[in-house]
Protein chains: 2
Amino acid sequence: MANTKNACGPGEQDGEQGGAVQPSIWERLDTPRGGRTTLTHAGIAEAAVALADAEGLEAVSMRKLADRLGVATMALYRYVDSKDELLELMTDAVIDSAALVADPGDWRAVFGEVAVRRRETALAHPWLSAAQAHVPTTLTPSRNLVVERMLGALEPLPLTGDQKMQLIRALDSYARGASDGEVYQRMMLERRGFGFDGDIRILLRSNMQWLLRSGRYPRFARVVQDGLAPADAAAEFDQGIEALLDGLAVRFGI
Amino acid sequence: MANTKNACGPGEQDGEQGGAVQPSIWERLDTPRGGRTTLTHAGIAEAAVALADAEGLEAVSMRKLADRLGVATMALYRYVDSKDELLELMTDAVIDSAALVADPGDWRAVFGEVAVRRRETALAHPWLSAAQAHVPTTLTPSRNLVVERMLGALEPLPLTGDQKMQLIRALDSYARGASDGEVYQRMMLERRGFGFDGDIRILLRSNMQWLLRSGRYPRFARVVQDGLAPADAAAEFDQGIEALLDGLAVRFGI
DNA sequence: CATCTTGGCGTACGATGTACACAAGACGCG
DNA sequence: CGCGTCTTGTGTACATCGTACGCCAAGATG
């Protein structure tokens, strides 16, 4: 089994006053700091994001980041408990929830905008998907704000809290999967020597030989060989979102 | 910009005979090896998977893996060019495409089965999502086999190759996003001290204090406070899949 | 047997995350 | 102003990691 501990954690599992079992960095963010303040959480996160954007996630090391900030390596540890926490800060920092401008009363518009924005963010910061996978972080301030906005859009509809959350999770699932999948494909393209912005069909074509040779994938080979139209990933993403929301709306009678 | 190189890669970008630009490990898999053969690709992958299942992905180091196999560290490098390639092997090894048993003529059944299987695999091997994110790998043999099967199920339908692929990608997107999201939530639960199999609502509840205190998320706080029913993640996953496929079927007139 | 190819081994190097002890700047109180 | 006291920034040190390189052994081939 993968889980090393399965007993309940620190503090009573269900206590009303229990507080956050671990301060979880977001709690510490806005607590005022005394003494010297050459560094800030925001500044650190921003520099880390810039570094990852410029040189990739694997280039983000505590040493390099500290160098960029003109500070000793260990100074960073006064602000984050570990590198993983730094990654958490980064994943939260790239979500610009201020950019949501859709009519708050039109839930389909709000949901669509959230999804599209997520895809754009993922493509603009290709390291994001890997960072989120390495440091599982549901529930960051920015992400909570997005949930809040979606809940607001669902307010006038006759749905239970559970149904609203299910709707939000469904959108999140599709948007996450489609965005990550697209990013992974593009990173694959880049790794193979074609650029991040290359034609995705190159991947399929360069794979075709392998498909044909083994003979185990006749249908796949045929589809690739017959040629595919140039992909419009953004439009396909939209169609998927609309299809999913259509289907769920029918099920929920809205 | 994140992309370091945007020019076309090795070989001519569009050459007909171009072959795989890099041997890409899958090519090397079934080429026969001479000399001693105490190791095999399959054995290495299996041991690595077992290690990751037991101690987590971060415990998978070349040294520990070699120890487990009773072999020197560098021996592994005769079979994989890098640790990243090892991760690729692992991600392919856990996909058991032999387990697909749905009626091949019923495309909805086939698609549903593929999605469900994917979720089960992701939950059974929580490291999988992170591994796939770290080493973007579309197009592995096992994955190709799944695509082949789905294409087979779509054969009788009046769809173009592009439409078939779009359908497959849409299912892949939702299944990936929902599975990864669920895994991340559970890993988060485990990291916080509640087990991997704990009640997901604990996460929300422990987050509630933060929600209430800041006052920026009134709706979110209310929904959590009003209490949520125990989640049936599998059923919710199914509903999402069905909703998505319904919506797309309408769009494609099938 | 001689030779060659391939597979496994041991060592070594640079980079990484971070624990720990210490110095230096800011603040409260006299 | 002077002096504790707390917080922030620093320097060193260590375990661990991926992996380049050179060597030896084992099986195949002549």
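First the proteins, then the strands, lettered A, B, ... as listed; each starts at 1.
In this structure, A:Arg28 places its CZ atom 14 Å from P of D:dT7, rounding to the nearest Å. Put simply, CG on A:Leu69 is 15 Å from C1' on D:dT10, counting in whole angstrom units. Distance A:Glu55 CD to C:dT16 C1': 16 Å, rounded to the nearest Å. As a whole-Å value, the separation of B:Leu86 CG from D:dC17 P is 14 Å. The CG-C1' distance, from A:Leu65 to C:dT18, rounds to 15 Å in whole Å. Nucleotide D:dT8 holds its C1' atom 6 Å from the OH atom of A:Tyr79, rounded to whole Å. The CE-P distance, from A:Met74 to C:dA24, rounds to 19 Å in whole Å. What separates CG of B:Leu39 from P of C:dT6 is a distance of 17 Å, to the nearest Å.
The side chain of B:Arg78 has C:dG8 as its nearest neighbour among D:dT19, C:dT18, C:dG8. The side chain of B:Arg63 approaches D:dC17 more closely than any other nucleotide in the set C:dG10, D:dC17, C:dT18. Comparing atom distances between the B:Lys64 side chain and each of D:dC17, C:dT18, C:dG8 picks out D:dC17 as nearest.
Within the 4.0 angstrom heavy-atom criterion, only backbone atoms of the sugar-phosphate kind lie near A:Ser82; the bases stay farther away. Among the atoms of the strands shown, base atoms are found under 4.0 Å from some heavy atom of B:Thr73.
The pair B:Asp84-A:Arg191 does not meet the salt-bridge criterion, since no charged nitrogen lies less than 4.0 angstrom from a carboxylate oxygen.
Across all their heavy atoms, A:Val60 and A:Leu51 have their closest contact at CA-CD2, 4.0 Å. Closest of all the heavy-atom pairs between A:Ala170 and B:Tyr174 is O-CE1, 3.9 Å.
Contact check for A:His134 versus B:His134: no side-chain heavy atoms found under the 4.5 Å cut-off. When side chains are defined from C-beta on, A:Leu89 does not count as touching A:Tyr79, because their heavy atoms never get closer than 4.5 Å.
Each of B:Thr38 and A:Tyr77 was assigned the nucleotide of DNA chain C with the nearest heavy atom; the assignment lying further toward the 5' end belongs to B:Thr38.
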